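Since the model is a prediction, treat every value here as computed from it, not as a measurement. When a residue number appears, it is its place in the shown sequence, counting from 1.
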Amino acid sequence: MKPSPFRHFVQLACLLLALPAFAGAPVLPPEVAASAELVQGERDGYWEKTLVVHFPEVRRALSTSDGMVNARAAINHAAHPLLWRKLGADAKPYTERQRLAAAARLGVADAAVAHMATAADMDNLAVVTRSHGPLTVTVLATAGARTNAIRTGVDSGSHIEGLDKDGKPTGTINILVLSNIELSDAALARALITVTEGKTAALEDLKVASSYTKGVQATGTGTDSIIVVSGTAAPRATYTGGHSRIGELIGKASYAAVVEALGKQNGYFLPGAKRFPDAAGGPDKAEGDLRIALLHLDPVPGDIAGNRARIEGAIGEAARHGADWVVTPELAETGYNFVKRIGTDWIHPFPDAWVHTLAAIARDNGIALFVGLAEREPGSGKLYNSVAAIDRAGSILGTWRKQRPVGRAEAWSLAGGASRPLTVDGIAVGSLVCADAWRPDTAAQLAGQGAQILLSPANWPPVEGMGPGDVWEKRTAETGLPMLIVNRGGTEPELDFSTGESAVSMNGERLFSFTAPTGGIFYVDWDRGQRFREVRP
């Protein structure tokens, strides 16, 4: 027998009642006299995370989902994007059930909960407070704008409520505004304009483009929501436009929260926000030379956050030593034997927020990046062992996919198709991902397509009978192209990379060879032709 909707609601309410707030619940300033918690759950194998902000007494609130509310709480419910897709036409009733469950959990009337929903991860919540004299405003925002950004007045809509079942696209900016002072109903309504202006200014400064009309600046997404909650303290405000001090605080806090949330969720950053503080230095290089940093790192398998931080730190050091290009080892983001530790469900479609963060780093520091990572193909969901290429302007040029995944450790990865050079600084660059250098065909293919240099990010320990031996030198002899090999140091329980070599090879010879048992950075200057010079900072 099919379970009744009431039974499902009771089960959901009980689940929310049983779950404690998880780590990272935002702390609100005492002036707004409210408390917040983050509650997590799961449905059909997908995460659910709800921000619950509750008040000690009834607060007047205006919600774009609920209208005017005598509120005891406001929630922002987040669920995995694939769960929203699975829900389809049931998305709206599902969101309403979340509101009812929150009311039951708090022991308040259903109508006393203002609500909104999103597919943005609540882990990327931004909390911003602005104060002046007796006035305090706190804004809590989640934001995603990579797939659903629109320009109002230009882009078309497709959904007519009640006449079709067209589901909402993913991508939402949700903004919850808390004021310490009392706001009249008119002030609550005017605040919607001020919040929207702050949000749109943030999108403009971040240069977020419409997802639907090429080259057009976005003003929001098609599913944005706002909740503005009045406080109880004096002085009472009847106007919240930009000429008022309370309006200024609302606008500035909304702007800053949207900027922060889009940075966390999507990797959008204001120009200069990812510039390394120290000026480029290092030994002088000849005019026209490119300084290439070989990040001979020591990735920890499965430590995604730690590896990303190590990569970003090493890029910063390379930039301070005057590097023009930075190349990491194969799978620098994940470590080699990562799947047995963390699986692959965490891999988001390429380019994910971290790749966009790298693009901002490249843009702000004028440095090209070549980074080994696990790639999920959008749409198909297919997984590849790849190297991402980002130019100095921060343009994500694409990836090279490993054509010869090796053994059980790479069973998660499909073989990539035919490779092609990508142009960086006017140079056609090809890549052989580790074992792709074992046979001559991939290198020959890249040479035939006009490649001028080959990069080979690797996780290749010198194991008897398994190479690398002289394969890099053979490929350079056959193609006439120089090759930079960026291997790794350190150890994993399954493999010892501590004696792995990074190298520069050309015309069948190994010009330079580098090792670092626990990781290091090596530099070479290249004249864009046939000369390399080792650089010692």
Handout entry: Ion pair Arg105/Glu37, N-O distance below 4.0 Å
Key = yes

Practice task
State whether the side chain of Thr213 and the backbone N or O of Val216 hold a donor-acceptor pair below 3.5 Å, judged by distance alone.
Solution key: no

Exercise for the section: Carefully, step by step, assess Trp47 and Leu83 under the rule side-chain contact (heavy atoms from CB on, under 4.5 Å). Expected result: CA-CA 8 Å; Trp47 56 257; Leu83 177 56; over 6 Å; no

Exercise for the section: Could you tell me whether the side chains of Thr232 and Glu182 share a donor-acceptor contact shorter than 3.5 Å? Expected result: no

Problem - Under 3.5 Å donor-acceptor, Asp44 side chain and Tyr46 backbone - result: no

Problem - More than 12 heavy atoms from other groups under 6.0 Å of NZ on Lys264 - result: yes

Practice task
May I ask you to decide if Thr118's main-chain N or O and Trp84's side chain share a donor-acceptor pair within less than 3.5 Å?
Solution key: yes

Exercise for the section: Measure from the side-chain N and O atoms of Thr518 to the backbone N and O of Gly490, and report whether any donor-acceptor pair falls under 3.5 Å. Expected result: no

Practice task
Might you point out which heavy atoms bring His54 and Leu106 nearest each other, and give the distance in Å?
Solution key: CD2-CD2, 4.0 Å

Practice task
Give a yes or no answer on whether the side chain of Asp224 reaches the backbone of Thr221 with a donor-acceptor pair at less than 3.5 Å.
Solution key: yes

Handout entry: Short side-chain donor-acceptor distance under 3.5 Å, Asn266 and His356
Key = no

Exercise for the section: Among Leu176, Val139, Val177, find the residue that satisfies the side chain to side chain contact (heavy atoms under 4.5 Å, CB included) test when tested with Val228. Expected result: Val177

Taking distance alone, no hydrogens or angles, what donor-acceptor pairs closer than 3.5 Å link side-chain atoms of residues 125-132 to residues at least two apart or in another chain?
| from | atom 1 | to | atom 2 | distance (Å) |
| --- | --- | --- | --- | --- |
| Thr129 | OG1 | Thr138 | OG1 | 2.8 |
| Ser131 | OG | Thr136 | OG1 | 3.2 |

Practice task
Taking Arg320 for its side chain and Asp278 for its backbone only, find out whether a donor-acceptor pair lies under 3.5 Å.
Solution key: no

Handout entry: Atom of Ile150, atom of Asp155 and distance for their closest heavy-atom approach
Key = CA-OD2, 3.2 Å

Handout entry: Gap separating the CD1 atom of Ile347 from the CG atom of Asp352, nearest 0.5 angstrom
Key = 9.5 Å

Exercise for the section: Using a 4.5 Å cut-off on heavy atoms from C-beta on, say whether the side chain of Gln217 contacts that of Arg151. Expected result: yes

Handout entry: Carboxylate-amine/guanidinium contact Lys92 Glu96, below 4.0 Å
Key = no

Problem - Main-chain N/O of Gly316 paired with Asn365 side-chain donor or acceptor, under 3.5 Å - result: no

Exercise for the section: For Asn180 and Glu31, test the side chains for any donor-to-acceptor distance below 3.5 angstrom and give the result as yes or no. Expected result: no

Problem - pair Phe338-Trp346: side-chain heavy atoms closer than 4.5 Å - result: yes

Exercise for the section: Using atom types as modelled and distance alone, determine if a side-chain donor or acceptor of Thr50 lies under 3.5 Å from a backbone N or O of Val52. Expected result: no

Problem - Within 6.0 Å of CZ in Arg85, more than 12 heavy atoms from elsewhere - result: no

Exercise for the section: Check the angle between the aromatic planes of Phe497 and Tyr336 and answer parallel, tilted or perpendicular using the 30° and 60° thresholds. Expected result: perpendicular

Handout entry: Result of checking Glu375, Arg376, Glu330, Glu377 against Ser386 for side chain to side chain contact (heavy atoms under 4.5 Å, CB included)
Key = Glu375

Problem - Donor-acceptor under 3.5 Å (Asn76 side chain, Ala141 main chain) - result: no

Problem - Donor-acceptor contact below 3.5 Å, side chain Ser179 vs main chain Val137 - result: no

Exercise for the section: Tell me whether the guanidinium CZ or amine NZ of Arg146 lies under 6.0 angstrom from the six-membered ring centre of Tyr268 and within 45° of its axis. Expected result: yes

Handout entry: Note: Glu494-Arg341 ion pair, threshold 4.0 Å (strictly below)
Key = yes

Practice task
For a side chain to side chain contact (heavy atoms under 4.5 Å, CB included) with Asp303, tell me which candidate from Arg310, Glu333, Arg308 qualifies.
Solution key: Arg310

